[in-house]
Amino acid sequence: DGGITQSPKYLFRKEGQNVTLSCEQNLNHDAMYWYRQDPGQGLRLIYYSQIVNDFQKGDIAEGYSVSREKKESFPLTVTSAQKNPTAFYLCASSIAARLELYEQYFGPGTRLTVT
Amino acid sequence: AQSVSQHNHHVILSEAASLELGCNYSYGGTVNLFWYVQYPGQHLQLLLKYFSGDPLVKGIKGFEAEFIKSKFSFNLRKPSVQWSDTAEYFCAVNAGNTDKLIFGTGTRLQVFP
């Protein structure tokens with residue numbers, strides 16, 4: 001059963017702690033993305049990776065870090081430097097090409113609450 | 001900077017009413033256009049997309065969208081909505097030679113029986 005998994009579904013952390021969100025895909029997609037979804041703001045791109053061992057900052061990368069050591073995995077770390085970390089985080093993947101097959105497939109999301 | 005505008009933030013309709021959700025983008029070059037839907041408690045999923053050819057695109061569940069280049073618009077339509085269409089709808093644009101999508105802020109649709 002192909003798809004994207006994100007774990008856990010809900011995550012609670014204390015302010016000042018770093019936390020890592022998991023994202024795994026078995027679609028054999030080259031590109032992976034992390035978005036943050038806040039009410040009334042849509043989806044905003046945090047980081048993306050088009051190939052293993054390479055990634056680029058999105059529009060709101062400050063306070064976040066990523067790694068892409070394996071094709072199927074793209075973990076996101078929310079650091080203590082992120083001023084408003086409480087949000088719904090979505091991971092996506094796509095065939096990395098500008099083809100008519102292009103679309104992004106999304107995971108179920110992780111809701112992070114920092115208190 | 002490229003941007004996507006969805007002017008309808010919250011739409012409330014009765015079943016069988018017609019739906020049109022607005023989407024405008026700011027980019028003068030070639031664009032690929034998408035509508036995604038997020039049903040309550042479910043993954044974000046693709047509703048339809050436009051790459052080239054016929055500007056009237058048909059998607060799943062009876063939805064369609066029309067690309068009007070002169071108006072920089074890609075409005076989503078459905079002639080008769082159902083209660084099960086209650087969801088949040090996002091317009092997205094892939095502009096120029098990038099692998100990124102730029103999303104609008106979303107439109108929350110509530111359909112009452």
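Sequence lines set the chain letters: A, B, ... in the order given, protein chains first and strands last, and positions in each chain run from 1. Scope of the values below: all heavy atoms of this structure, side chains included, with no hydrogens, waters or symmetry mates. Here the structure is a predicted model, which is why all the values come from computation and not from measurement.
Here the closest non-hydrogen pair linking B/His43 and A/Ile4 is CE1-O, 4.4 Å.
Hydrophobic clustering, with ILVMFWY side chains joined whenever heavy atoms are under 4.5 angstrom apart, keeps A/Ile51 apart from A/Trp34. Hydrophobic cluster membership is shared by B/Val4 and B/Tyr89, with clusters built from Ile, Leu, Val, Met, Phe, Trp and Tyr side chains linked at under 4.5 angstrom. Linking ILVMFWY side-chain heavy atoms closer than 4.5 Å, directly or via other members, places A/Phe106 and A/Leu21 in two distinct hydrophobic clusters. Taking hydrophobic clusters as Ile, Leu, Val, Met, Phe, Trp and Tyr residues chained together by side-chain heavy-atom distances below 4.5 Å, A/Leu90 does not share a cluster with A/Leu112. Both B/Leu76 and B/Ile60 are part of a single hydrophobic cluster, where members link through side-chain heavy atoms under 4.5 Å apart.
Taking a 6.0 Å sphere around CG of B/Leu56, one finds it holds more than 12 heavy atoms contributed by other residues, nucleotides or ligands.
Looking at A/Gln37, only its side chain comes within 4.5 Å of chain B, counting heavy atoms on both sides. Heavy atoms closer than 4.5 Å to chain A are found in the side chain of B/Tyr36, but not in its backbone. In this structure, the portions of A/Gln104 lying under 4.5 Å from any heavy atom of chain B include both its backbone and its side chain. Within the 4.5 angstrom heavy-atom criterion, only side-chain atoms of B/Glu88, from C-beta onward, approach chain A. Neither the backbone nor the side chain of B/Gln6 comes within less than 4.5 Å of any heavy atom in chain A. Interface residue A/Leu45: only side-chain heavy atoms are found under 4.5 Å from chain B.
Residues B/Leu44 and A/Leu43 meet the side-chain proximity criterion, which asks for heavy atoms closer than 4.5 Å.
Among the candidates A/Pro108, A/Gly109, A/Gly40, A/Pro39, the residue making the largest number of heavy-atom pairs closer than 4.5 Å to chain B is A/Pro108. The choice from B/Gln45, B/Gln38, B/Gln42, B/Arg108 that makes the most heavy-atom pairs within less than 4.5 Å of chain A is B/Gln38.
Annotation: the span from A/Arg44 atom CZ to B/Thr105 atom OG1 amounts to 11.5 Å, rounded to 0.5 Å. Here the CG-CD distance, from B/Leu101 to A/Glu103, works out to 10.0 Å after rounding to the nearest 0.5 Å.
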